[in-house]
Q: 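Let me begin by handing over the structure; questions about it come next.
Each chain gets a letter, A, B and so on, in the order the sequences are listed, and its residues count up from 1. Just so you know, these numbers come straight off a predicted model, no measurement behind them.
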Protein chains: 2
Amino acid sequence: MAELSLPDLDPTSDRAVFRQIADHLRDAIERGALAQGDKVPSEARLMEHYGVARMTIRNALQVLQSEGLTVAEHGRGVFVRSHPPVRRLASDRFARRHREQGKAAFIAETEEAGGTPSVDSIKITEATPTPDIAERLGLAAKDRVIVRSRRYLINGQPVETAVSYIPAEIAKGTPIMQPDSGPGGIYARLEELGFQLDHFIEEIKSRMPLRDEAKALRLAPGVPVFHLVRTAYAGDGRAVEVCDTVMSSDAYMLTYELPAR
Amino acid sequence: MAELSLPDLDPTSDRAVFRQIADHLRDAIERGALAQGDKVPSEARLMEHYGVARMTIRNALQVLQSEGLTVAEHGRGVFVRSHPPVRRLASDRFARRHREQGKAAFIAETEEAGGTPSVDSIKITEATPTPDIAERLGLAAKDRVIVRSRRYLINGQPVETAVSYIPAEIAKGTPIMQPDSGPGGIYARLEELGFQLDHFIEEIKSRMPLRDEAKALRLAPGVPVFHLVRTAYAGDGRAVEVCDTVMSSDAYMLTYELPAR
DNA sequence: CGACCCTACACGTATGTACGAGTTGAGGAG
DNA sequence: CTCCTCAACTCGTACATACGTGTAGGGTCG
């Protein structure tokens, strides 16, 4: 704390004390007086500096944490969050020319960026689709789908979970049912099966993670997720796959190109 | 509370008491036992039910609030958050055929969906661009840009703030400098000036709002924002506008169409 | 019958206390 | 010199208490 100087409280302000303290610390972070990875003064030090109760300090720190600015580590301290390198997802990432190079989009992109990609928790089952999935795939309620779920990691850090749904009628007995779906991924397999892909539609929402999602992606408090649902359409207009993914918003920036025509 | 039955605490669990309580309430919300807009039992009632201190209850409620599941209203109670109707942004929303119909994209779409659109806080200034904006527009550090900032509302509820940057060289002395930029918006004006738009590139991040953003968009705690930066390119490859927008993630779903070619 | 006020009740802010549990580094034992 | 123990420091959880401030409903007074 020798380094970091914090202002005093303004007793004339009607802004709550814990908010004033949160403002001071937020300010220090935004100014760069506290850099990424730096330790925020301990609760005890802040109590002493401001002359307030511990709960007041904890409320202030809670504000910053829920803003995603800091993380607390039990027994160590509170630290300014450092942001991992961001993966940019380009809108041509599913272009055929990429599939033809023989690697799944995720593996190729991550290696190119100098990271070590991995995929785990691969599970493949057959099930009856939810009404939402059935509608997207144009299926009847009692049709069956193949469900491929998996988790993507970069340098051992989970960044995304994905669940794909493919009509069982299409996927049954094909390499799509194998954990390793082969070069180019399942989109390459679908094209080999005669479903020339025409376009994809992606729907993107942003929200706070559910408990299970926060766990699976090891998300710090205050980190939202992208919830992206992509539907793949074959040339005849038929939907052949729906992919439901949850991505750490820390790890991703999405980019899209839109026509002006 | 006669209606809502909550389990008792599990004293053998090593899960913190406030987390167990949060789990019970989250569960009730997910089951639908507590529906959107319903009042969560008051702190006093929960204290009585569980036989714990108020801080323990408040910690539990804090968890739900930061997950975006509930909102507290001073003097009234804690309520299950209700989600406003979602505006879907289609990837063809900036297609020329829409501009030619004479309304800005936001106005037309909102009216079509049966809402009342409005725009306020329109400010137009001239400034030197930040390095990031200068790079996107292909400008030198000392070139000037026109800055158009505004806020969009639906039925009086703010949903989005936007700041556009246009090279001063292009916009100076044109209707782009007027608060009401005329039929079809500034993209129509740019085309009238001879800059046939070719395509847009949008970059999307998701994060928790800054304090000012939460205020401007009246965001409840636990609601993240989309931060979208769109660059408009003319036929000759020149960037003619950058639009930096912050959108309530509650109010929007983004959709994009990707080619498979 | 309407306007006002008062009172429960709700959450917001703040103090003080206590103990638990993870981390770290200094110092002592071998 | 190395290993281990332990103390000090950190955040996590929980209790008890007090008062402030916003809301809403009912009763009272004009």
Side-chain angles (χ1 to χ4, degrees), chain A residues 1-2 4 8-25 34 37-66 69-81 214 218 220-222, chain B residues 1-2 4 8-25 34 37-66 69-81 214 218 220-222:
Chain A
M1 271 258 296
L4 181 67
D8 288 332
L9 294 173
D10 175 3
T12 70
S13 166
D14 55 359
R15 190 162 176 75
V17 172
F18 79 88
R19 291 189 196 283
Q20 291 187 47
I21 297 174
D23 290 346
H24 294 170
L25 292 170
L34 284 171
D38 280 5
K39 189 165 182 294
V40 173
S42 75
E43 294 176 355
R45 277 186 171 285
L46 290 169
M47 283 170 68
E48 191 185 3
H49 175 83
Y50 287 109
V52 299
R54 187 170 167 214
M55 154 138 297
T56 306
I57 297 296
R58 283 184 65 79
N59 276 341
L61 293 173
Q62 170 66 40
V63 169
L64 299 180
Q65 174 149 332
S66 77
L69 295 175
T70 60
V71 280
E73 296 185 29
H74 193 171
R76 302 215 320 125
V78 175
F79 300 85
V80 179
R81 271 208 22 230
R218 285 185 227 144
Chain B
M1 272 259 290
L4 181 66
D8 289 331
L9 293 174
D10 173 4
T12 70
S13 167
D14 55 358
R15 190 162 175 75
V17 172
F18 78 88
R19 291 191 196 282
Q20 290 188 48
I21 297 174
D23 291 346
H24 295 168
L25 292 169
L34 285 171
D38 280 5
K39 190 165 180 295
V40 173
S42 75
E43 294 176 356
R45 275 184 172 285
L46 290 170
M47 283 170 67
E48 192 186 2
H49 175 81
Y50 287 107
V52 298
R54 189 171 166 214
M55 151 139 300
T56 306
I57 298 296
R58 283 183 65 78
N59 277 341
L61 293 172
Q62 169 67 40
V63 169
L64 299 180
Q65 174 149 333
S66 76
L69 294 174
T70 60
V71 279
E73 296 185 29
H74 193 170
R76 302 217 318 126
V78 176
F79 300 86
V80 179
R81 267 193 43 216
R218 284 184 226 144

Q: For B/Thr56 and D/dC15, is the shortest distance between a side-chain N/O and OP1 or OP2 below 4.0 Å?
A: yes

Q: Under a 3.5 Å distance rule, please check whether A/Gln65 uses its side chain to pair with a backbone N or O of A/Gly222 as donor and acceptor.
A: no

Q: Give the rounded distance in Å between these two atoms: NZ of A/Lys39 and P of C/dT23.
A: 14 Å

Q: Can you tell me how far C1' of C/dA14 sits from CZ of A/Arg19, to the nearest Å?
A: 13 Å

Q: Quick check for you: among D/dA14, D/dG12, C/dA10, whose closest atom lies nearest to any side-chain atom of B/Ala44?
A: C/dA10

Q: Which residues in residues 73-81 of chain B have at least one heavy atom lying under 4.0 Å from any atom of DNA chain C?
A: B/Glu73, B/His74, B/Gly75, B/Arg76, B/Gly77, B/Val78

Q: Provide the closest heavy-atom pair for A/Gly37 versus A/Phe79 in the form atom of the first, atom of the second, distance.
A: O-CD2, 3.6 Å

Q: Just how far, in rounded Å, is P of C/dC11 from CG of B/Leu64?
A: 13 Å

Q: Collect all protein-nucleotide pairs involving nucleotides 16-18 of chain D in which both atoms are nitrogen or oxygen and the distance is under 3.5 Å.
A:
from: D/dA18; atom 1: N6; to: B/Arg54; atom 2: NH1; distance (Å): 3.4

Q: Could you tell me how far apart B/Asn59 (CG) and D/dC15 (C1') are, to the nearest whole angstrom?
A: 12 Å

Q: If the cut-off is 4.0 Å, is A/Ser42 near the phosphate of D/dT10, judged by side-chain N/O to OP1 or OP2?
A: yes

Q: Judged by each residue's nearest nucleotide on DNA chain C, which is more toward the 5′ side, B/Val40 or A/Ala16?
A: B/Val40

Q: Please list, pair by pair, any protein nitrogen or oxygen found under 3.5 Å from a nitrogen or oxygen in nucleotides 3-8 of chain C.
A:
none

Q: What is the separation between atom CZ on A/Arg58 and atom P on C/dT17, rounded to the nearest whole Å?
A: 18 Å

Q: Could you state the interatomic distance from CE (B/Met47) to CE (B/Met55), rounded to the nearest 0.5 Å?
A: 11.0 Å

Q: Measuring from the side chain of A/Glu43 (C-beta onward, heavy atoms only), which nucleotide among C/dC11, D/dG12, C/dT13 has the closest atom?
A: D/dG12

Q: Measure CZ/A/Arg15 against P/C/dG12 and give the value in whole Å, please.
A: 15 Å

Q: Return the CG to CZ distance between B/Asn59 and A/Arg58, rounded to the nearest 0.5 Å.
A: 8.0 Å

Q: Taking atom CG of B/Leu4 and atom NZ of B/Lys39, what is their separation to the nearest 0.5 Å?
A: 11.5 Å

Q: If we only count heavy atoms from C-beta on, is the A/Val80 to A/Leu69 side-chain gap below 4.5 Å?
A: no

Q: Would you say A/Val52 and A/Leu9 make side-chain contact, with heavy atoms under 4.5 Å?
A: yes

Q: State, with a plain yes or no, whether a side-chain heavy atom of A/Pro41 is found less than 4.5 Å away from one of A/His49.
A: no

Q: Shortest non-hydrogen contact from A/Thr70 to A/Leu61?
A: OG1-O, 4.2 Å

Q: Should B/Leu25 and B/Leu46 count as side-chain neighbours, where that means a heavy-atom distance under 4.5 Å?
A: yes

Q: Between B/Gln65 (CD) and C/dC11 (P), how many Å, whole number?
A: 11 Å

Q: Could you give the CZ-to-P distance, from B/Phe18 to D/dC15, as a whole number of Å?
A: 12 Å

Q: Heavy atoms, side chains only, cut-off 4.5 Å: are B/Gln20 and B/Tyr50 in contact?
A: no

Q: Between B/Glu43 (side chain) and B/Ile57 (backbone), is there a donor-acceptor pair under 3.5 Å?
A: no

